[in-house]
Amino acid sequence: MESATDSMMTIGRQTATGRVARHLLAAAISLVLAGCVSSNDLFEARGTPPVSGSLMNAGDTMMAAGDHSGAVALYRSAHDQQPDQADPLIRMGRALAAAGAYADAAEAFRAALDRDPASAEAKRGLGNALVGLGQPALAVGYLRDAVQATEASDGIPDWRACLGLGVALDLGGDPLAAQESYRRGLESAPDNPDLVNNLGLSLALSGSADQALPMLEALVARHGTQGRYLGTLAIAYALDGRMEDAARLMSRQSPPDMVARNLTSLTAIRAMDDHARKALAIRMVYTG
């Protein structure tokens, strides 16, 4: 269930501080490396442009620093130098997706696939961008191809592709296939917290609280300082009708008025009888 950026419960963009279920429904990769390179630092003293590899390295540095627009500009320059290469376009797509520009990201990934039709990275990126655009049905094929491509080349599927595929399937209303995808990802990345998080929420959304709650409680015990895992467990409690337990967790991060609003929303979502509607409603309410 990033975004990306790259969980169903992490592809959505950031919302206001204090929302309990922040980044729950999307698959995002968090880049935490420090440092930023100014445009003046990218050229030698005599003004000679660096090769595209240096441009992409500088773009990676800007991505790590959270400067997505600067990274896009550098990757675009690298693409201009090597227009037949897929890699600058893939990195540009990632930066655009991280900035929430999903339509532009999808265009970049499509252009990358024109140059390298077998690229699992481009397929995964395009699938995630389509999820960000609210088109999970279109995303499934690309993400499934990405899973199969990495499994064929490495012997095991890329857990990130499994995560993205699970998100698309959950939002498309196929929870059993989504849960299978998360479990396949866990075969290659055992105990990955985002896969566990998404699997637990998918199970809770489909009414399997007996399976969801133990794994989510264990996840919070290991990663309790990360708000999105607390938020997922709170949602799972609410979906099981345990509103007092949900409120107790929410109150650790949110003021009473926000806790009350969240519980009202979750009560309405719990009454829905369609998995896709529930998943989409949580995504809309909690990730914007």
Side-chain angles (χ1 to χ4, degrees), residues 1-13 23-29 90 93-94 96-97 100 102-114 116-154 156-189 192 194-206 208 272 274-284 287:
M1 281 183 169
E2 95 355 133
S3 268
T5 121
D6 283 67
S7 118
M8 173 176 127
M9 309 350 170
T10 67
I11 289 171
R13 298 300 95 198
H23 287 297
L24 288 180
L25 298 175
I29 294 179
I90 291 172
R94 290 176 187 155
L96 289 163
Y102 297 117
D104 291 337
E107 183 178 346
F109 288 123
R110 286 192 177 98
L113 284 172
D114 286 340
D116 183 4
S119 172
E121 287 287 317
K123 291 175 181 177
R124 178 169 61 85
L126 178 53
N128 287 341
L130 290 170
V131 170
L133 288 169
Q135 301 173 22
L138 292 178
V140 166
Y142 292 106
L143 290 162
R144 187 166 279 141
D145 284 350
V147 170
Q148 293 172 350
T150 56
E151 191 169 34
S153 63
D154 300 333
I156 56 174
D158 181 355
W159 71 264
R160 299 166 301 172
C162 291
L163 184 64
L165 178 58
V167 172
L169 290 166
D170 263 319
L171 291 171
D174 192 348
L176 293 180
Q179 292 154 22
E180 179 184 357
S181 186
Y182 298 136
R183 289 189 173 101
R184 287 188 69 194
L186 286 167
E187 291 175 5
S188 56
N192 177 278
D194 291 329
L195 285 164
V196 174
N197 182 77
N198 285 14
L199 175 58
L201 182 51
S202 181
L203 288 164
L205 285 165
S206 59
S208 298
M272 296 176 181
D274 179 79
H275 185 91
R277 286 183 64 209
K278 287 182 178 179
L280 181 60
I282 289 178
R283 183 174 190 239
M284 294 297 290
T287 65

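Residue numbers run from 1 in the order of the sequence given.
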Would you mind reporting whether [Y] and [X] have side-chain heavy atoms less than 4.5 Å apart?
{"X": "L130", "Y": "P136", "result": "no"}
{"X": "L205", "Y": "I282", "result": "yes"}
{"X": "E187", "Y": "W159", "result": "no"}
{"X": "V140", "Y": "L165", "result": "yes"}

Restricting to non-hydrogen atoms, name the atom on [X] and the atom on [Y] that form the minimum distance, rounded to 0.1 Å.
{"X": "S181", "Y": "C162", "result": "OG-O, 2.7 Å"}
{"X": "V131", "Y": "A139", "result": "CG2-CB, 3.7 Å"}
{"X": "L133", "Y": "A103", "result": "CD2-N, 3.7 Å"}
{"X": "L113", "Y": "S119", "result": "CD2-O, 3.8 Å"}
{"X": "G127", "Y": "L143", "result": "CA-CG, 3.8 Å"}
{"X": "T150", "Y": "A120", "result": "CG2-CB, 3.8 Å"}

Using modelled atom types only, decide if a donor and an acceptor are shared between the side chain of S188 and the backbone of D158 within a distance under 3.5 Å. no

Say you draw a straight line from [atom1] of [X] to [atom2] of [Y]; how long is it, rounded to the nearest 0.5 Å?
{"X": "L169", "Y": "H275", "atom1": "CG", "atom2": "NE2", "value": "9.5 Å"}
{"X": "L280", "Y": "M272", "atom1": "CG", "atom2": "CE", "value": "8.5 Å"}
{"X": "R110", "Y": "L126", "atom1": "CZ", "atom2": "CG", "value": "5.0 Å"}
{"X": "D194", "Y": "L199", "atom1": "CG", "atom2": "CG", "value": "12.5 Å"}
{"X": "I90", "Y": "K123", "atom1": "CD1", "atom2": "NZ", "value": "11.0 Å"}

Can we say R124 and E121 salt-bridge, meaning some charged N sits less than 4.0 Å from an Asp/Glu carboxylate O? yes

Please enumerate all residues that pass salt bridge (Lys or Arg N to Asp or Glu O under 4.0 Å) together with E151, with sequence neighbours excluded.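 Applying salt bridge (Lys or Arg N to Asp or Glu O under 4.0 Å) to E151 gives R184.
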
Within 6.0 angstrom of Q135 CD, more than 12 heavy atoms from elsewhere: yes

List the residues meeting side-chain hydrogen bond (donor to acceptor under 3.5 Å, both in side chains) with R144, not counting sequence neighbours, and say none if there are none. none

Counterpart residues, side-chain hydrogen bond (donor to acceptor under 3.5 Å, both in side chains), relative to Q179 (two or more places apart): S202, S206

